[in-house]
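Down below is the structure, laid out as structure tokens.
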Amino acid sequence: MVLPLVNLCAKEVVSDHSSSPGWLGCVPRELYRPLLEAAFTNCRPLAVGELVQRWPERTLRAGGRRQGQSPPNRLCVQALLLAVVRGLSDKRCALQVLDLCGLQCEEGGVGDPMGGWSLTVALSTMVVQARAAAQKALGREGERERKRVLAMERERDVVKRERGGGLEEGGLLVESVRKEKEETSGCLREDQQVKGVRRRMEMERRKESAAVAGGKGEADSEVDSEVVVCVRADLFVNARSWERVRAALGTTGPLKLQCRYVRVEELSVSSIGSLLDLLPRHVLLGVDIRYSCLGVAGLALLLPQLSMFPMLSSLRLHYCNLDIRRDMAGQEGAMKDMSQGLGKLSQLRRLSLTALRLPGHLRMLLSSFPQPLEVLELPYLSLTPADLSYLSCSPHASSLQQLDLSENRLDELALPSVRRLLSQASSCLMQLSLSGCGLTDGLLAAMLPSLSCCRGLKSLGLALNPLSMAGLLDLVRTAVRMPSLRQLLYPNPLEDYQPGLPPMPSSAQLLDWPLDELVEVHEATSLQLDRVVMESGRSDLLLTCDLLNYNKDLVEQ
């Protein structure tokens with residue numbers, strides 16, 4: 001990739017930190033952004049800090065990486081956060097919104113990036129420390145003012161003694177000093193919170209906006225009057241970071257933490273509810289709850305709180321123990337409450353339910369939604385043929401852009417419903433995952449005509465299905481005839497496994513059973529598949545059997 005000239009120059013400028021005093025004072029504001037990108041790309045934390053501390057624009061977006069772009073180094077992110085705090089007292093800094101959404105990545109990646117948990121802890125610490133620093137500065141200002149008033153009183157006493165100190169004159173002097181003290185204290189209380197020209201302008205703008213809106217309470221106005229920079233981020237909260245996040249979200253000060261997507265792990269229902277109460281209402285777009293023992297009743301309690309977020313469009317529940325197969329009193333009533341609660345999420349477009357074990361209840365879950373879903377992920381849900389039959393005829397079928405039915409057993413009874421579902425979604429479906437569904441050569445052959453009709457499909461996952469080499473070749477021949485398809489995750493053929501595999505192996509057996517160690521076997525499979533792709537002229541189609549590195553989200557929408 002050829003870099004533009006401005007990027008090459010920015011890289012050269014930030015590479016030598018000793019030259020920064022020379023160019024920082026004269027660089028135009030239009031070049032701050034390419035210089036910051038170059039500092040991130042080339043891991044120059046000192047340059048990152050100096051640029052952010054005097055950022056000339058109202059908004060700074062450091063998240064949302066482009067495809068193929070590496071995440072910022074941990075040191076650069078830490079330098080950015082420190083510079084934001086220093087910029088609070090820097091008159092050259094115009095920053096009001098810091099957008100870090102999408103910045104985090106998986107912990108321990110290449111180049112030492114900052115993971116979601118570490119970024120959340122760092123942000124929470126920054127917010128709390130900024131508040132403490134502001135209070136400390138307020139205390140210093142108050143102490144200076146107290147000493148000034150005491151000096152005035154001592155001067156008054158001296159003047160009174162020199163002039164003879166008449167009662168009336170002294171009374172007038174005391175009254176004058178008292179009034180001056182009250183006026184000074186009143187101004188102090190206001191000016192200490194409105195320190196600097198940038199802060200006064202921001203307060204005036206907020207007051208005008210609040211007056212136009214007309215519906216904001218006094219308490220909210222008081223909180224916002226202290227805010228200098230709003231920090232937007234995706235938060236990762238678990239038992240280790242919960243207390244720190246709660247302190248940051250409940251803190252009023254110069255930095256205000258806002259959350260776009262929140263991921264919660266291993267928290268109780270009460271803690272999750274407390275967290276939702278602290279999140280700003282009009283910012284949250286998605287909630288991801290994992291490994292938390294909610295139960296149907298617990299989820300039913302949380303859903304009314306989720307309905308209070310008008311922009312919420314994504315709800316993901318992974319391994320949250322909603323198993324209702326056991327005979328427990330009150331489960332059906334709680335299930336109805338949960339269904340009604342889901343129906344109140346009026347803006348929801350994405351629903352992910354992983355390993356919740358709710359066989360036969362899909363109609364109750366999905367029929368309450370007032371609008372069709374666009375993303376539906378139901379892996380490990382133990383779906384029954386009746387569930388699939390409902391889904392194929394539901395209003396959601398013709399609106400689905402992403403569908404994940406992985407690890408749900410698909411047999412001859414379910415096949416007609418799956419084919420009808422693919423037909424209904426053929427015009428909009430872009431990502432489909434049927435991995436680990438027990439698809440044999442015969443079942444897949446019956447499904448291929450319906451798959452080929454999905455003219456917008458870009459990503460298809462069929463790993464861990466018991467296909468022979470012949471069935472796999474039929475799959476690839478169909479895939480190359482789908483012009484929109486860009487990525488195919490295919491299963492290793494049964495011939496590639498070591499002897500002893502059962503005739504109808506499950507996905508777990510295919511995952512654990514060792515592959516044949518002979519290199520010739522794997523090379524023969526790859527050569528046959530590559531030959532089919534080459535003969536079709538499809539250089540834009542990626543074939544892979546690598547489960548660990550496969551990512552359907554890498555396909556451009």
Side-chain angles (χ1 to χ4, degrees), residues 349-352 362 366 371-379 381 383 385 387-465 467 471-491 529 532-533 536-545 550-557:
R349 295 295 180 271
R350 178 182 192 131
L351 180 64
S352 302
L362 196 62
L366 301 185
Q371 75 290 317
L373 296 170
E374 297 175 357
V375 179
L376 185 59
E377 297 173 331
L378 305 172
L381 213 66
L383 295 177
D387 290 328
L388 294 170
S389 177
Y390 162 74
L391 183 59
S392 66
C393 301
S394 70
H396 309 285
S398 57
S399 300
L400 290 175
Q401 299 177 14
Q402 300 179 32
L403 177 63
D404 187 352
L405 299 177
S406 299
E407 299 297 337
N408 290 284
R409 194 77 177 178
L410 303 180
D411 52 18
E412 289 81 0
L413 293 176
L415 185 60
S417 297
V418 175
R419 295 185 59 181
R420 183 165 58 247
L421 176 60
L422 294 176
S423 176
Q424 292 292 320
S426 60
S427 62
C428 56
L429 192 62
M430 292 188 289
Q431 296 181 8
L432 175 65
S433 180
L434 299 175
S435 297
C437 291
L439 295 175
T440 60
D441 291 357
L443 289 173
L444 181 63
M447 194 183 297
L448 286 178
S450 300
L451 275 174
S452 61
C453 292
C454 297
R455 51 185 178 273
L457 194 64
K458 296 184 177 183
S459 175
L460 175 61
L462 288 167
L464 301 179
N465 282 297
L467 298 182
L472 180 56
L473 288 173
D474 288 341
L475 170 62
V476 176
R477 293 189 186 102
T478 301
V480 297
R481 293 195 298 269
M482 301 171 65
S484 62
L485 194 65
R486 294 292 178 267
Q487 193 168 227
L488 173 63
L489 176 64
Y490 65 87
L529 299 182
V532 174
V533 175
S536 68
R538 287 293 304 276
S539 59
D540 58 344
L541 177 59
L542 172 66
L543 302 184
T544 179
C545 61
Y550 171 74
N551 186 357
K552 63 180 182 299
D553 295 327
L554 293 180
V555 179
E556 293 184 1
Q557 298 296 323

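Because the structure is predicted, anything quoted here is derived from the model rather than measured.
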Listed partners of D387 passing side-chain hydrogen bond (donor to acceptor under 3.5 Å, both in side chains), at least two apart
T384
Interatomic distance, CG@L373 vs CZ@R350, rounded to 0.5 Å, equals 11.0 Å
Which pair of non-hydrogen atoms, one from S450 and one from R419, has the smallest distance, and what is that distance?
OG-NE, 3.4 Å
Kindly determine whether L529 and L473 satisfy side-chain contact (heavy atoms from CB on, under 4.5 Å), including the steps that lead there.
CA-CA 7 Å; L529 299 182; L473 288 173; 3.9 Å; yes
Take L362 and L378 through the side-chain contact (heavy atoms from CB on, under 4.5 Å) test and state the conclusion after the steps.
CA-CA 10 Å; L362 196 62; L378 305 172; 3.9 Å; yes
Report the distance from atom CG of L410 to atom CG of L444, rounding to the nearest 0.5 Å.
11.0 Å
Give the minimum heavy-atom separation between M447 and L422, together with the two atoms involved.
CG-CD1, 4.0 Å
Would you check if N408 and L388 make a side-chain contact, meaning some heavy-atom pair closer than 4.5 Å?
no
Taking side-chain hydrogen bond (donor to acceptor under 3.5 Å, both in side chains) as the cut-off, I'd like each qualifying pair that reaches into residues 435-449, sequence neighbours left out, listed once.
D441-S468
Drop me the distance from L457's CG to C428's SG, to the nearest 0.5 angstrom.
10.5 Å
Tell me the closest heavy-atom pair linking L439 and L467, and the distance in Å.
O-CD2, 3.3 Å
What are the two closest non-hydrogen atoms of P491 and L462, and how far apart are they?
CD-O, 3.3 Å
Are the side chains of R349 and V375 in touch, meaning some heavy atoms are under 4.5 Å apart?
no
Check the pair L405, L383 against side-chain contact (heavy atoms from CB on, under 4.5 Å), reporting the backbone distance first and the verdict last.
CA-CA 9 Å; L405 299 177; L383 295 177; 3.9 Å; yes
Residue set satisfying side chain to side chain contact (heavy atoms under 4.5 Å, CB included) with T544, at least two apart, ordered chain then number -> L489, D546, Y550
Say you draw a straight line from CE of M430 to CG of L403; how long is it, rounded to the nearest 0.5 Å?
12.5 Å
Can you measure from CG (L451) to OG (S426) and round to the nearest 0.5 angstrom?
11.0 Å
Set of salt bridge (Lys or Arg N to Asp or Glu O under 4.0 Å) partners for D411, sequence neighbours left out
none
Step by step, work out the side-chain contact (heavy atoms from CB on, under 4.5 Å) result for R486 and L542.
CA-CA 6 Å; R486 294 292 178 267; L542 172 66; over 6 Å; no
So, does S536 use its side chain to make a donor-acceptor pair with the main chain of V533 at under 3.5 Å?
yes
Output the distance between atom CG (L366) and atom NE2 (H396), rounded to the nearest 0.5 Å.
4.5 Å
For R538, what residues pass the side-chain hydrogen bond (donor to acceptor under 3.5 Å, both in side chains) criterion, not counting sequence neighbours?
D540
P416: what forms a side chain to side chain contact (heavy atoms under 4.5 Å, CB included) with it, not counting sequence neighbours?
none
Not counting sequence neighbours, which residues clear side-chain hydrogen bond (donor to acceptor under 3.5 Å, both in side chains) with S392? List them please.
R420
Contact summary for L415 and A446, nearest pair of heavy atoms
CD2-CB, 3.6 Å
Could you tell me which residues satisfy side chain to side chain contact (heavy atoms under 4.5 Å, CB included) with S484, sequence neighbours excluded, listed by chain and number?
none
Taking the side chain as every heavy atom from C-beta outward, state whether S427 and R455 have any atom pair closer than 4.5 Å.
yes
Side-chain contact test, heavy atoms from C-beta onward, threshold under 4.5 Å: evaluate it for L391 versus S417 and give yes or no.
no
Does P379 have any side chain to side chain contact (heavy atoms under 4.5 Å, CB included) partners at least two apart in sequence or in another chain, and if so, which?
T354, E377, D404, S406
Which donor-acceptor pairs under 3.5 Å do side chains of residues 475-483 form with protein atoms, sequence neighbours excluded?
from	atom 1	to	atom 2	distance (Å)
R477	NH1	D474	OD1	3.2
T478	OG1	D474	O	3.0
R481	NH1	R477	O	3.2

Considering all heavy atoms, the nearest L541-Q487 contact:
CD1-N, 3.8 Å
Using side-chain hydrogen bond (donor to acceptor under 3.5 Å, both in side chains) as the criterion, list what pairs up with S389, not counting sequence neighbours.
none
